[in-house]
Amino acid sequence: MKKKLILLLLVLPFIVNAQLTFELKGVINKKISSTLIEGNDVELKLVYGVDGFGKAKILCSNEEETIDLKHLDRISFKTNSLREFWQLQSIKGEVYYNILKNGMQYKLRKELEDETLEYINYVESNNLLFQDSYLESYIYSLIYKIYPDRLNDGRPGLLNIKIIKDLSPNAFIFPNGSLFISTGLLSTINSEEELIGILAHEVSHFVLDHSIININKVTARQKRAEFWAAFATGIAAVLTPKMAGLN
């Protein structure tokens, strides 16, 4: 019984994250199948993975249909809230495809979290934090005009604003949602709209999981390079004796 419980606890995160629910409505702009044609009103209900492939369940004329995740680009979705806006951007940015393919990658996220905490400790120990509760509250108020209260896909991380004493204009965000903005950058901003634009750019890196996705792309390229290097070495090992016999 104990072994079964341990197994359930290990498998549960994969069960929970195996599917993501939505309520995005849209119109098909390019034929998907004989029943899903241009002009049909549809609603995205579910995204999940099957045998390594991303699938989506959509509702059309009160009938559920399953399509490949890649075909969602044939639907023009309408967004009515911040959550739906970022859900749509995450679909376009292949965030959900990455989660379905690679899981939540908690180990990698934990490593990046540890690196973030090291940087925060460095900033704090060197008195580089600019602390102004009014300014921080103001920035948070802008953040929540462009960011939903939480993501819907189970990824860890919350937005956390840090202002650092630095004359160079700079802003960056870590994968766990720690957003740093320098006093130098704040001093150059001429309007609230400019500041919102900067914050939106950084928030998009977090919501669209750019750090994790980019690391996965680099890792995949390295693995391909290693495969082809080994393949070329193997071919050379086979051909060299044969070529020597021809001389």
(message) Under the criterion side chain to side chain contact (heavy atoms under 4.5 Å, CB included), I'd like the reasoning laid out for Leu186 against Ile163: C-alpha separation, chi angles, the key distance, then a yes or no.
(response) CA-CA 9 Å; Leu186 290 172; Ile163 304 171; 4.0 Å; yes
(request) Output the distance between atom CD1 (Ile58) and atom OG1 (Thr66), rounded to the nearest 0.5 Å. (result) 8.5 Å
(request) Determine the minimum heavy-atom distance between His201 and Ser204, stating which atoms define it. (result) O-OG, 2.5 Å
(request) Report the relative orientation of the aromatic rings in Tyr119 and Phe172; use parallel for angles under 30°, tilted for 30 to 60°, perpendicular for over 60°. (result) perpendicular
(message) Is it the case that atom CD in Glu38 sees more than 12 heavy atoms from other parts of the structure closer than 6.0 Å?
(response) yes
(request) Please identify each residue that fulfils side chain to side chain donor-acceptor pair (under 3.5 Å) with Glu65, with sequence neighbours left out. (result) Thr35
(message) Hydrophobic clustering (ILVMFWY, side-chain heavy atoms < 4.5 Å, transitive) - are Phe85 and Val27 grouped together?
(response) no
(request) Inspect the surroundings of NZ in Lys70 and state if more than 12 heavy atoms from other residues, nucleotides or ligands are less than 6.0 Å away. (result) no
(request) Name all residues meeting the side chain to side chain contact (heavy atoms under 4.5 Å, CB included) criterion together with His210; count only those two or more places apart in sequence or in a different chain, and write none if there are none. (result) His205, Leu208, Asn214
(message) Please determine whether side chain to side chain contact (heavy atoms under 4.5 Å, CB included) holds for the pair Asn216 and Gln105, giving the CA-CA distance in whole Å, both sets of side-chain angles, and the decisive distance to 0.1 Å.
(response) CA-CA 10 Å; Asn216 288 338; Gln105 299 182 267; 2.9 Å; yes
(message) So, taking the atom named CG in Asn176 and the one named CZ in Arg155, what distance separates them when rounded to the nearest 0.5 Å?
(response) 12.5 Å
(message) As a test of understanding, state which of Leu24, Thr21, Leu20 forms a side chain to side chain contact (heavy atoms under 4.5 Å, CB included) with Leu44.
(response) Leu24
(request) Name all residues meeting the side chain to side chain contact (heavy atoms under 4.5 Å, CB included) criterion together with Lys30; count only those two or more places apart in sequence or in a different chain, and write none if there are none. (result) Arg74
(message) Would you compute the distance between atom CG of Leu135 and atom OH of Tyr140 and round it to the nearest 0.5 angstrom?
(response) 11.5 Å
(request) For residues 103-118, pull every pair meeting salt bridge (Lys or Arg N to Asp or Glu O under 4.0 Å), keeping only residues two or more places apart or in separate chains. (result) Arg109-Asp209, Lys110-Asp114
(message) Is there a side-chain contact between His71 and Leu36 in this structure, where contact means two heavy atoms from C-beta onward sitting under 4.5 Å apart?
(response) no
(request) Mind checking side chain to side chain donor-acceptor pair (under 3.5 Å) for Ser133 and listing every partner two or more places apart, or none if nothing turns up? (result) none
(message) So, using side chain to side chain contact (heavy atoms under 4.5 Å, CB included) as the criterion, who are the partners of Leu129 when residues are at least two apart?
(response) Val123, Glu124, Gln131, Lys162, Ile164
(message) Assigning hydrophobic clusters by single linkage (Ile, Leu, Val, Met, Phe, Trp, Tyr; side-chain heavy-atom cutoff under 4.5 Å), is Phe180 placed with Val207?
(response) no
(request) Mind checking ring pair (Phe, Tyr, Trp, His ring centres under 6.0 Å) for Phe22 and listing every partner two or more places apart, or none if nothing turns up? (result) Tyr96
(message) Hydrophobic cluster membership, with links at side-chain heavy-atom distances under 4.5 Å among I/L/V/M/F/W/Y: are Ile196 and Ile181 in one?
(response) yes
(request) Tell me, please, which residues at least two apart from Glu43 pass salt bridge (Lys or Arg N to Asp or Glu O under 4.0 Å). (result) Lys45
(message) Please give the remaining members of the hydrophobic cluster of Ile212, linking ILVMFWY side chains under 4.5 Å, ordered by chain and number.
(response) Leu108, Leu112, Ile215
(request) Kindly give the heavy-atom pair with the smallest separation between Gly49 and Leu100, and that separation in Å. (result) N-CD2, 3.6 Å
(request) Can you tell me which residue pairs pass the side chain to side chain donor-acceptor pair (under 3.5 Å) test with a partner in residues 187-196, sequence neighbours excluded? (result) Tyr138-Glu192
(request) Using the rule that two of Ile, Leu, Val, Met, Phe, Trp, Tyr join whenever any of their side-chain heavy atoms come within less than 4.5 Å, decide whether Tyr147 and Phe174 are in one cluster. (result) no
(request) Mind checking the CD1-CZ spacing from Ile91 to Phe77? Nearest 0.5 Å is all I need. (result) 5.5 Å
(message) For the CG atom of Leu46 and the NZ atom of Lys55, what is their distance to the nearest 0.5 Å?
(response) 13.0 Å
(message) Restricting to non-hydrogen atoms, name the atom on Lys57 and the atom on Tyr48 that form the minimum distance, rounded to 0.1 Å.
(response) CG-CE2, 3.7 Å
(request) State, to 0.1 Å, how close Leu158 and Phe206 come at their nearest heavy-atom pair, and which atoms those are. (result) N-CZ, 4.4 Å
(message) Tell me whether Ser182 contacts the main-chain N or O of Asn170 through its side chain, where contact means a donor paired with an acceptor under 3.5 Å.
(response) yes
(request) Would you indicate whether the side-chain heavy atoms of Ile198 and Ile189 approach each other to under 4.5 Å? (result) yes
(request) Sorted by first residue and then second, give each side chain to side chain donor-acceptor pair (under 3.5 Å) pair with at least one member in residues 77-91; sequence neighbours left out. (result) Arg83-Asp149
(message) Just to verify, what does Leu199 make a side chain to side chain contact (heavy atoms under 4.5 Å, CB included) with, not counting sequence neighbours?
(response) Ile139, Leu142, Ile143, Ile146, Leu179, Leu195
(request) Please check if Ile37 and Val42 belong to a single hydrophobic cluster, counting links between Ile, Leu, Val, Met, Phe, Trp and Tyr side chain heavy atoms closer than 4.5 Å. (result) no
(message) Could you check whether any side-chain N or O of Asn126 sits under 3.5 Å from a backbone N or O of Leu128, counting only pairs where one atom can act as donor and the other as acceptor?
(response) no
(message) Would you compute the distance between atom CG of Leu72 and atom CD1 of Ile32 and round it to the nearest 0.5 angstrom?
(response) 7.5 Å
